[in-house]
Amino acid sequence: MMAKLIRNTGGGAALFLYSMLARAEYAINLQQPESPIAYQIFHLHTLILWVCVGIFVVVFGAMFYSIFKHRKSVGHKAAHFHENTTVEIIWTIVPFFILMGMAFPATQTVLAMRDTSVPDMTVKVTGYQWKWEYDYQKEGIKFISSLATPKDQIDNKAEKGEHYLLEVDNPMVVPTGKKIRVLLAANDVIHAWWVPAFGVKQDAIPGFIKDTWFKVDKPGTYRGQCAELCGKDHGFMPIVVEAKEPAEYAKWVADQQAKVAAAAQNADKVFTLAELKAMGEKVYATNCVACHQANGAGIPNVFKALDGSATVKGPKQGHAEVVLNGRTGTAMQAFGKQLSDTDIAAVVTYERNSWSNNTGDAIQPSEVKALRK
Amino acid sequence: MSESHDRYYLAPPSYWPIVGSAALFLMAVGFVMTLNHRGGGGAILSAGFVVFAIMLFGWFGTVIRESEGGLFNKQVDKSFRMGMSWFIFSEVMFFAAFFGALFYARVLSVPWLGTGDTMRELWPAFQATWPTSGPGGKPFTPMGAWGIPAINTLLLLTSGATVTWAHWGLLKNKRSQLILGLFLTVALGATFITLQAVEYHHAYTELGLTMGAGVYGATFFILTGFHGFHVTMGTIMLIVIMLRSMKGHFKPDHHFGFEAVAWYWHFVDVVWLLLFVFVYWL
Amino acid sequence: MEAAHEHGHDHHPSGIMRWVTTTNHKDIGTLYLWFSFFMFLFAGSLAMMIRAELFQPGLQLFQPQVFNQLTTMHGLIMVFGAIMPAFVGFANWQVPLMIGAPDMAFPRMNNWSFWLLPVAGILLLSSFFMPGGAVAGGWTMYPPLFIQGGISYDMTILAVHILGISSIMGSINIITTILNMRAPGMTMMKMPLFVWTWFITAYLLIAVMPVLAGAVTMLLTDRHFDTHFFSAAGGGDPVMFQHVFWFFGHPEVYIMILPAFGIISQIIPTFARKPLFGYASMVYATASIAILSFVVWAHHMYSVGLPTPAQLFFMYSTMLISVPTGVKVFNWIATMWRGSMTFETPMLFAIGFVCLFTLGGFSGLVLAITPVDIQLQDTYYVVAHFHYVLVSGSLFSIFAGVYYWLPKWTGHMYDETLGKWHFWLSVIGFNITFFPQHFLGLAGMPRRIPDYALQFANFNMISSIGGFMFGATQLLFLYIVIKCIRGGVKAADKPWEGADSLEWTVPSPAPYHTFETAPVVK
Ligand code: HEA
Ligand code: HEA
Ligand code: CUA
Ligand SMILES: [Cu+2]
């Protein structure tokens, strides 16, 4: 471990020098605001920052003046005063008024920020360990969004991409110029949905709905991260929002709705084992690897191994039920609400026929459907 | 503080604290093992209790000997009084946390669950009324206020009076009144605990009111449970004081031990009144 | 009477048993200080591992779950194992000496308060070796995440209970000592400010440690006894835990800074050779901070979606705390003003404290502004804020106090040159570590993550380099302390020209028993 550390440190130092020279990535302020609230926050912060800098300069100007002038080594003799009610009152009241000056604009922003009334559209966002689900209830579109950065980049086995850790498979898509209300929910533990450019951060509390809103004018891709410790992969559940012009957004909605219709037809289809296994591998990679690992070995004493597991090698219905309903008292969540029958059938089939498991049986979407309560 | 003509008594080195630490260590380890179903947890936990009991006997025994040996002057007595008052204050804050939880649930979280988006999106069938076991909870019957709880209120209030009566006896140096008063208080305390056990049994077997009965069950049992535990401790302390009185301890002008227990008892009494009002009645 | 009294003094066990059974406030103070120093090194080593992992993007040394364990245990141990016990150690040594008392009011209980700490310490440290590893839910222990963990979570809960018992007993002892054991003539308003700040801190502790105990008790019953305090399905609310926790947690941060204010208020007048300016308003300011600290807790919860009026209330009350804190800063500077200053190590750390604590206070004020905190909540800006108030605040004051009183404790002067080195390396290392974290937070780096996006790489590397520098510097401190205990220039009874509290009237090193006959204070 030590050798590795030294190797990394050496490499790091070189990289450090390189980056100092090559690309000066030294963001020292809030990100460029892209929504009205983020804009207000940006200016509020600037205001307070400068007030504080001002006070700091005055107060410590006085202190350092004193340190240089009133020192014994320059022969300064100590005075003997030690109280003065007038100055005490002054330096109680003046800061008080400075604070009032800050509280006023802050209050206005709070009121604006919390006003989620009359939105143009509403999206329900649900936090899961460790991915987000976006549910456009009116439009009938619902999908899971999880980290798209390959594991090899994280493990330093491949060159890191430009949007390392800030990229997802299915971004949230919104129209520009519209007031979008976001309803926050959580499935397991507390998460927080945060997009800095919008000035939005809202905790998602299991069992409760919280809301917030944003409005973005410039089309583009905006990135954020989960901002509440939610367990192992808290650092790996980014948020990506694509803002599109209303017309393009409408097209996106239509595309998605077409996909939903196509998927509905799949539900009654009968697949071959190989088809299911191929589909299942993808489902596994986005939903299961975080805990059970790519080799199905889990993490000893924390997350169960699937390779050789009694449940996986047992009857397929029992196996599918665990995936559907989760295991209470463990980190195994209920996937029934997140995944379609086809996805569950695929992933169960995959697990039953991967690594050293070879039950040789497949479960069909219709069978999964029958298991749902 | 110059009124004291003699010196403040400073305890010599003592083994009891480290014995107490060992006891808490055993209790903690034993408890954790029990909770996580490791073998041997129960034995370690019991060993912890035994060591703890030995520590209490040894430590308080030493203090009592010192007190009866006349080592404590007025100033020491005053320290003890302050110490006990602040200890009771810390107990008040301990209960405050659970009362806070109760009020939060009743005033905030339960109504939130039953209104607005939270209700519409997540718990459409939930009726936000109190008492409740929550949107996902099992049905249960809440505990009525006017059966056992009302009797228990009377018992505790009476016991507050009997312990004061005992105190008067002590102040007037009437030892039989002191001992009788304490005896009655202990008897009332013991009856309270017995009735509470009956009440719990009733709750579990007939009302479906368990720890698992949502936030009502949780706050009900944590508040009444910790209170019951304090009554038990108080009763044990009263028994000790009674035995000491019988041995001739305490003088009309020197009886901090007695007063400490009496204060504690009154504190337990007041907590009960709050419980009665907010847990059982309203 | 007298015989029994003598008995108390003479038969001391020796060797290790002296320390196990001691009822002497100086022995117990020493135990506390060493315990906290050991814990500081341990939790600091965890911080070094955090900084090593964050040196570069990508996962190099630790898997995410292990990283979360490092973060959580670092925070828990620093707060409960290092900073708090260190201040109790100071209180044990100094409070009786400063008020002219022969010892603490309850010497035996004092011993127990200390010897509970190793019990809690063992529970915490050994949890690393449990199946599933140590706690990884953050030092704030939020459910439902905290409900998911394994056996080490229960060990942590019980450790917190035991620490709570220890703190409550310690506080009762300190309050009683201060109220009941002062030398004749030592009125409350003549007490050194260190005594005052501890007096108020002890009240905070008695008021909030039981609340923390209640909070973790509810966690425990939710984990094992089927209760639903923190689960919506049963009518509870995960956010309720946060309210209870922060009702403890915010006063807790003042518990970690008020004694620091006290230490600094002893040191600055000494080295300015001028009485503390505005003694009375310092006392009132301390009390105001303590009282206000009970009504600001939800500033840690701006992003949970509190009702708007609540957000506004907590924003205003939080901002208000700047006023009494400012009064303290201004009074310190007025004390220096037109003094006759010298800059020995304690004074250097004190000045470093005033400057850098204020900086941390300002970032606190930025966080107090609800909308701004919405951007900064759970980012490295918060990490920067609290390390400014905790490291260059609490920890620096501890360094300052140790240098200030080492001559009294050991009878030797510490090595002044090395002390100055310690100061300068610490200040520089500290700022390199934590200043860039403000930028990271502003730019959007969340806290408690083992890996980060590429735009955060440079500042993280700088921060790590600073961290290693700061960490290594603390080994120098260990060396200085040991060297001073082993020998050095003999310290005078009053080694500091400008000092005037009672501890400087007894010999250096302070004899085992002091003020057996109370001094008379004019
Ligand atoms: C010693 C510990 C300590 C101290 C003293 C403080 C002091 C303050 N803290 Fe800090 N704080 C922490 C320790 C501390 N904090 C910790 C550990 C956390 C994180 C916990 C976690 O989540 O893990 C935290 C988090 C924290 C948050 C939550 C951030 C978040 O998670 O989103 C907030 C928000 O309001 C805050 C605010 C403040 C304020 C306003 C003060 C004030 O008391 C500061 C007052 C001081 C000054 C302002 C400077 C001096 C004043 C003047 C010179 C006068 C003139 C000034 C003006 C008029 C502006 N703190
Ligand atoms: C109470 C005081 C306190 C103190 C003194 C410190 C001291 C330090 N802290 Fe800590 N910190 C917290 C309290 C404190 N911290 C808290 C409460 C949290 C939040 C936890 C949470 O999120 O739940 C936190 C979180 C925290 C984080 C964020 C982690 C995350 O969010 O993932 C970081 C990251 O840089 C950090 C760094 C440091 C460093 C570098 C030091 C340094 O000052 C430490 C220096 C000391 C030493 C290094 C020890 C002495 C040296 C040795 C033993 C020799 C070995 C060293 C070398 C060879 C170099 N701390
Ligand atoms: Cu989800 Cu952090
Ligand atoms: Cu706070």
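Since the structure is predicted, the reported quantities are computational estimates derived from the model, not experimental observations. Every chain is numbered from 1, with letters handed out A, B, ... down the list of sequences.
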Decide yes or no for C:Phe225 and B:Phe221: does some side-chain heavy atom of the first lie under 4.5 Å from some side-chain heavy atom of the second?
no
With a 3.5 Å distance limit and no angle check, can you tell me whether C:Thr23 reaches the backbone of B:Ala11 through a side-chain donor-acceptor pair?
yes
If you draw a 6.0 Å radius around CZ in B:Phe49, do more than 12 non-hydrogen atoms from other residues or ligands fall strictly inside?
no
Is chain C contacted by the side chain of B:Ser85, its backbone, both, or neither, given a heavy-atom distance below 4.5 Å?
neither
With only heavy atoms counted, which part of B:Ala101 is less than 4.5 Å from chain C, the side chain, the backbone, both or neither?
both
Out of curiosity, B:Gln75 CD to C:Met181 CE, how far, rounded to the nearest 0.5 Å?
6.0 Å
Let's test your reading of the structure: which of B:Glu66, B:Met33, B:Arg81 forms the most heavy-atom pairs below 4.5 Å with chain C?
B:Glu66
Between C:Pro307 and chain B, with a heavy-atom cut-off of 4.5 Å, which part of the residue counts as in contact: side chain, backbone, both or neither?
side chain
To the closest 0.5 Å, what do you measure between OH (B:Tyr8) and CD (C:Glu516)?
14.5 Å
Where on B:Arg38 is there a heavy atom nearer than 4.5 Å to chain C: the side chain, the backbone, both, or neither?
side chain
Are B:Tyr104 and C:Val239 close enough that some pair of their side-chain heavy atoms sits under 4.5 Å apart?
yes
Is the shortest side-chain heavy-atom distance between B:Ile18 and C:Thr21 below 4.5 Å?
no
Using 0.5 Å steps for rounding, measure from the CG atom of C:Leu179 to the NZ atom of B:Lys78.
8.0 Å
Parallel, tilted or perpendicular, judged at 30° and 60°: which one describes the rings of B:Trp86 and C:Tyr203?
perpendicular
By a 4.5 Å heavy-atom criterion (distance strictly below it), what part of C:Pro102 contacts chain B: side chain, backbone, both, or neither?
both
Report yes or no: does B:Ser109 contribute a side-chain atom to a donor-acceptor pair with the main-chain N or O of C:Gly235 at less than 3.5 Å?
yes
Of the backbone (N, CA, C, O) and the side chain (C-beta and beyond), which part of C:Leu205 lies under 4.5 Å from a heavy atom of chain B, both, or neither?
neither
Checking heavy atoms, do the side chain of B:Trp16, its backbone, both or neither come under 4.5 Å from chain C?
neither
Can you tell which part of C:Ile157 gets under 4.5 Å to a heavy atom of chain B, answering side chain, backbone, both or neither?
neither
Structural part of C:Ile168 lying under 4.5 Å from a heavy atom of chain B
side chain
Contact class of C:Phe247 relative to chain B, heavy atoms under 4.5 angstrom
side chain
Part of C:Met169 within contact of chain B (heavy atom distance under 4.5 Å):
neither
Under 4.5 Å from a heavy atom of chain C, the part of B:Ser79 involved
both
Toward chain B, the part of C:His243 with a non-hydrogen atom under 4.5 Å
side chain
First locate atom CZ of B:Phe89, then atom CD1 of C:Ile175, and finally report the distance between them rounded to the nearest 0.5 Å.
9.0 Å
